[in-house]
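Notes follow the structure.
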Amino acid sequence: MDSRTILAELPRLRRYARAMVGDRAVADDLVQDTLERGWSRLAQWRPGSDLRAWLFGIMHNLRVDQLRCQGPNTQPLGEAESEAPMRATQSDRLEVNDLAAALARLPEEQRAVLLLVALEEMSYEQIASTLGIPLGTVMSRLSRGRERLRLMLDGHHPVAHLRVVR
Amino acid sequence: MSKLPITEADLHAYVDAVLPDDRRAEVEDFLAAQPEEASRLFAYQAQKDALRQLFNPVLDESLPAELLELAEKPIVPAMEAMATPAVDMKKRPFLSRWSMQRIAASFAIALLSGLAGWLGHGQYQATERMAQMTPLARQAAVAHVVYSPDIKRPVEVTADQEDQLVKWLTKRLGTPVSPPKLGTLGYELIGGRLLPGNAGPVAQFMYHDSSGQRLTLYVSTEQTVSRDTGFRFAREGAVNVFYWVDGKFGYALSAGIDKGELARVATAVYDQLENK
């Protein structure tokens, strides 16, 4: 592990953190904390093992710690404006906001699995080891998360092209 | 026919394209006969695509400086940082005239460095020393302890806006103030902030070296005792402080580094102020 390999992982860590917490500043803080903890626990990383999974695991544990400390529904002071990346057109924006909002309403543990699958394209086994949960739990969280997201998006803002018309 | 029943896990694995070919064919047969399931899986696939579309732009954002710094932090060898180009001191008007105590000050440093063991050897001395600390050294040490461990927001204005920092602090302190350049010693400016002193504003500049070790220079303009001093040394906990007074200006350099190293930096700061 050196700074070049860390630098290579930074964009992905940021993307995942942004998707997990929504707010840009809070997400970058989480990435910073992850790097700090990573460097301080360098001795625990086995050279040759998957650095990305190791860093994502650290981030996950930090997030668990954070949630345990702050409890639910806290807003960061001062930097509350969230900056979800958006595409250009108005209709796109509505749709994107719906997705971001629905994602934020998912239980944290389901969101994590969903994002590791969708964004990181990790295998289910990698996710199990990254999050420290059994494979069966990965599958049930994925299943519940996807279904919940589908229902939320259907109910709030019917996305016509997602439906198969019978 | 002894096909295994299609499970929920199979369906997700189908969406994520991780099924072996023969199993995938079986799932496709199943979906052909189950349009509701097919539409559900289609929605999952669309979710996945939409999530990527929503968050992939983050990959192309430029990385915040704080993160770049943290990615590099423990790696760059000290010698590389030391090799940064020499600084143009004339460009950095600092504070006022300097009295002729430089020689005395150097002696003081040498003496104090030699006495490090004496200072550190007993708690009694340390405590007594603390009690005797001037407000200047003590305030500087406290300010150092409060701000230097802050990884995310150690300063109010960062070094990349040094011009604004200088203008702002000069205006607020009512006298020209700018940070000395310590790059040749391996310390780069992080930035600075305004702090409350006893009767008005004081300034703090923060530096760090390649290992992340931080050092702060505290600049006060409210010294009323108008008795210039050479270098004085004080210690609070793990923080060492060199401080000196010149007219209304009080300076204090604080860091958790050993006294010899801190003296080296203090001498450089002193020199720059004098040779401004």
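The structure displayed is predicted, hence computed values, not measured ones. Just so it is clear: chains get the letters A, B, ... in the order the sequence lines come, proteins before strands, and each one is counted from 1.
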Practice task
Please answer whether the main-chain N or O of B:D150 pairs with a side-chain N or O of B:R214 as donor and acceptor at a distance below 3.5 Å.
Solution key: yes
Exercise for the section: Give, as side chain, backbone, both or neither, the part of A:E147 having an atom under 4.5 angstrom from any heavy atom of chain B. Expected result: both
Completion exercise
Looking only at B:D49, B:V18, B:L67, the option with the highest number of non-hydrogen pairs under 4.5 Å against chain A is B:L67
Exercise for the section: Apply side-chain hydrogen bond (donor to acceptor under 3.5 Å, both in side chains) to B:Y44 and B:R40, showing your working. Expected result: CA-CA 6 Å; B:Y44 294 167; B:R40 182 165 70 97; 2.9 Å; yes
Practice task
Heavy-atom distances under 4.5 Å only: say whether B:E8 touches chain A with side chain, backbone, both or neither.
Solution key: side chain
Practice task
Take A:L114 and A:R146 through the test side chain to side chain contact (heavy atoms under 4.5 Å, CB included) and record every step on the way to the result.
Solution key: CA-CA 7 Å; A:L114 221 71; A:R146 278 178 164 164; 3.4 Å; yes
Problem - side chain to side chain contact (heavy atoms under 4.5 Å, CB included), paired with B:M206, selected from B:L189, B:T158, B:I190 - result: B:I190
Fill in the blank from the handout: Closest heavy-atom pair, B:L262 versus B:L215, reported as atoms and distance to 0.1 Å, is CD1-CD1, 4.5 Å
Problem - Quiz item: cation-pi between B:R193 and B:Y147, 6.0 Å / 45° - result: yes
Handout entry: Interface residue of largest heavy-atom contact number with chain A, from B:L63, B:V15, B:L11, B:L59, under 4.5 Å
Key = B:L59
Completion exercise
Bottom line for A:Y124: the part with an atom under 4.5 Å from chain B's heavy atoms is side chain
Practice task
Specify which of A:L149, A:D33, A:L103 makes the most heavy-atom pairs with chain B at under 4.5 Å.
Solution key: A:L149
Practice task
Using non-hydrogen atoms and a 4.5 Å limit, figure out which bit of B:T7 sits close to chain A: side chain, backbone, both or neither.
Solution key: neither
Completion exercise
Honestly, the part of A:L13 sitting under 4.5 Å from a heavy atom of chain B is neither
